[in-house]
Amino acid sequence: MEHIANIINNLIKWGALAYIATKGFDALVLMRGTSTKIDLDLDFVISLLERDLTVRIVCVVAVVLMALSVRRERRLREQAVRKSERIREREHELDPNRSSSNLTPEGKTNPEDV
């Protein structure tokens with residue numbers, strides 16, 4: 001049953017992403033030829049996307065991969081923070097006089113040391 005729930009969850013998630021990508025493309029088409037705060041030559045991008053389905057697919061895949069990469073990085077950072085807090089507590093339990101390396105919870109060098 002959990003497997004079916006995961007499939008439905010993924011279908012909803014990726015379906016929503018595909019819908020957002022399609023609406024983003026539609027927004028680019030609507031903006032073509034209009035003056036915006038950022039002057040971009042959208043005609044080239046839109047004509048390229050309108051001409052070739054392969055380019056559309058590559059763009060969507062690239063966006064999805066980038067989103068997955070950002071998501072993975074965020075999860076790893078959150079795990080590092082959680083683990084560092086637990087490790088700090090455990091080290092203090094074992095040896096209250098232990099000196100700290102003064103790393104940030106993310107494992108980065110203390111900004112004062114740089």
- Task: Determine yes or no for a side-chain-to-main-chain donor-acceptor pair under 3.5 angstrom, with T22 supplying the side chain and A18 the backbone.
- Result: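 Looks like yes, one N/O pair under 3.5 Å.
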- Message: Would you say that R72 contacts L68 through its side chain, given a criterion of any heavy-atom pair below 4.5 Å between the two side chains?
- Response: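 A side-chain contact under 4.5 Å is absent here.
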Calculate, to the nearest 0.5 Å, the distance between atoms [atom1] and [atom2] belonging to [X] and [Y] respectively.
{"X": "N6", "Y": "L11", "atom1": "CG", "atom2": "CG", "answer": "11.0 Å"}
{"X": "K13", "Y": "I8", "atom1": "NZ", "atom2": "CD1", "answer": "13.5 Å"}
{"X": "R75", "Y": "Q79", "atom1": "CZ", "atom2": "CD", "answer": "8.5 Å"}
{"X": "I12", "Y": "Y19", "atom1": "CD1", "atom2": "OH", "answer": "15.0 Å"}

- Residues that E93 engages under side-chain contact (heavy atoms from CB on, under 4.5 Å), provided they are two or more places apart: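 Checked E93 against side-chain contact (heavy atoms from CB on, under 4.5 Å); matches are R86, R90.
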